[in-house]
Asker: 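Dropping a structure here in structure tokens format, bear with me for questions.
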Amino acid sequence: MRTPMIDVDTIREDVYRIYGPATALGGRQLWFQIFRLAWEDPIFFRILVLRHYQWSRRKGVSNFPLMKIANFRLKAYIEINTLSIGPGLRIYHGDGIVIASGAVIGRGMTLEHQVTIGNRIGHEGELGCPTIGDDVFIGVGAKVLGAIHIGNNVRIGANAVVLHDVPNDATVVGIPGKVVRIAGACPAETDT
């Protein structure tokens, strides 16, 4: 039996996060669902291509034609330049999403449209990309920039500009981004 040219468990988790448990089936039913969803949903198609690209890089296989097809299918909707994205990726309204090549993203990431995860050159000239934990939600138009660490279970509000580290279980809003909640409480309440 031939091995699939993709990590099946990762794709199953992506399907589950996007379409719910009823579609994350096993065996041939899963492959039928993957084919149907890739045909109907250009965002899922791009995620599928990303997963194939991750697999082929690990195996040392060339996949240039598939990347050309993906770029033609999606045009300028989504620009994902990193291979370090965990399973369970969910993208809503995939317009204008940019993820830089140095970014590292954990499991269960949810992105809204117009999100940028990228590097930044500050006044000291530092250059780096974010490391983002598991189960993070990034709202419409938010920017996460620089060599910062975003913890697990973080929610970043719409149009926030995050330039500093964010602890686990935090909610960040504003320009520049400020932590307004940690585990449901105001930061001042957690300090006492």
Side-chain angles (χ1 to χ4, degrees), residues 9-21 24 41 43-44 46-47 50-51 54 74 76-192:
D9 292 332
T10 300
I11 286 296
R12 183 179 288 117
E13 194 168 331
D14 290 336
V15 170
Y16 177 82
R17 284 263 301 138
I18 297 170
Y19 300 102
D41 185 348
I43 295 171
F44 181 76
R46 179 64 172 146
I47 291 171
L50 169 71
R51 298 307 182 196
Q54 289 173 323
L74 273 183
Y77 282 110
I78 302 172
E79 183 180 332
I80 299 175
N81 295 313
T82 184
L83 297 180
S84 300
I85 299 177
L89 176 64
R90 175 68 169 114
I91 298 174
Y92 289 98
H93 314 294
D95 180 34
I97 293 174
V98 177
I99 303 174
S101 61
V104 176
I105 298 171
R107 305 174 76 89
M109 165 68 82
T110 302
L111 299 172
E112 294 278 349
H113 57 284
Q114 300 297 323
V115 167
T116 300
I117 300 171
N119 54 32
R120 129 183 199 234
I121 299 177
H123 60 282
E124 285 112 26
E126 82 272 0
L127 181 64
C129 291
T131 299
I132 300 175
D134 297 339
D135 301 314
V136 174
F137 171 86
I138 301 180
V140 176
K143 312 297 181 238
V144 181
L145 305 172
I148 61 175
H149 179 76
I150 307 296
N152 298 325
N153 303 311
V154 170
R155 296 184 59 79
I156 298 173
N159 294 317
V161 178
V162 182
L163 303 174
H164 301 287
D165 291 352
V166 177
N168 291 339
D169 304 310
T171 301
V172 180
V173 298
I175 302 172
K178 292 184 175 93
V179 175
V180 295
R181 296 259 188 248
I182 297 176
C186 291
E189 295 173 10
T190 59
D191 292 339
T192 58

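In what follows, residues are counted from 1 in the order of the sequence shown. Every value quoted in this text rests on a predicted model; they were computed, and no experiment measured them.
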Asker: On a heavy-atom basis, which atom in Ala103 and which in Ser84 lie closest, and how many Å separate them?
Answerer: O-CB, 3.7 Å

Asker: Measure across Gly118 and Pro130 and return the closest heavy-atom pair with its distance rounded to 0.1 Å.
Answerer: O-CD, 3.3 Å

Asker: Report the residue from Ile138, Asp135, Ile85 that forms a side chain to side chain contact (heavy atoms under 4.5 Å, CB included) with Met109.
Answerer: Ile138

Asker: Can you give me the closest heavy-atom contact between Ile182 and Pro167, atom names plus distance?
Answerer: CD1-CG, 4.0 Å

Asker: Roughly how far, to the nearest 0.5 Å, is CD1 of Ile97 from CD of Glu112?
Answerer: 8.5 Å

Asker: CD1 of Ile99 to CG of Leu111: how many Å apart, nearest 0.5 Å?
Answerer: 5.5 Å

Asker: How long is the gap from CZ on Phe137 to OG1 on Thr171, to the nearest 0.5 Å?
Answerer: 10.5 Å

Asker: I'd like to check the side-chain hydrogen bond (donor to acceptor under 3.5 Å, both in side chains) partners of Thr110; sequence neighbours left out, ordered by chain and number.
Answerer: Arg17

Asker: Would you be so kind as to tabulate the donor-acceptor pairs closer than 3.5 Å made by side chains of residues 140-158, with sequence neighbours excluded?
Answerer:
{"from": "Lys143", "atom 1": "NZ", "to": "Gln114", "atom 2": "O", "distance (Å)": "2.9"}
{"from": "Lys143", "atom 1": "NZ", "to": "Gly141", "atom 2": "O", "distance (Å)": "3.1"}
{"from": "Asn152", "atom 1": "OD1", "to": "Asp134", "atom 2": "N", "distance (Å)": "2.7"}
{"from": "Asn153", "atom 1": "ND2", "to": "Asp169", "atom 2": "OD1", "distance (Å)": "3.3"}

Asker: Considering all heavy atoms of both residues, which atom of Val136 and which atom of Gly133 are nearest to each other, and what is their separation?
Answerer: CG2-O, 3.5 Å

Asker: Any salt bridge (Lys or Arg N to Asp or Glu O under 4.0 Å) involving residues 97-109? Give me the pairs, sequence neighbours left out, ordered by first then second residue.
Answerer: Glu13-Arg107

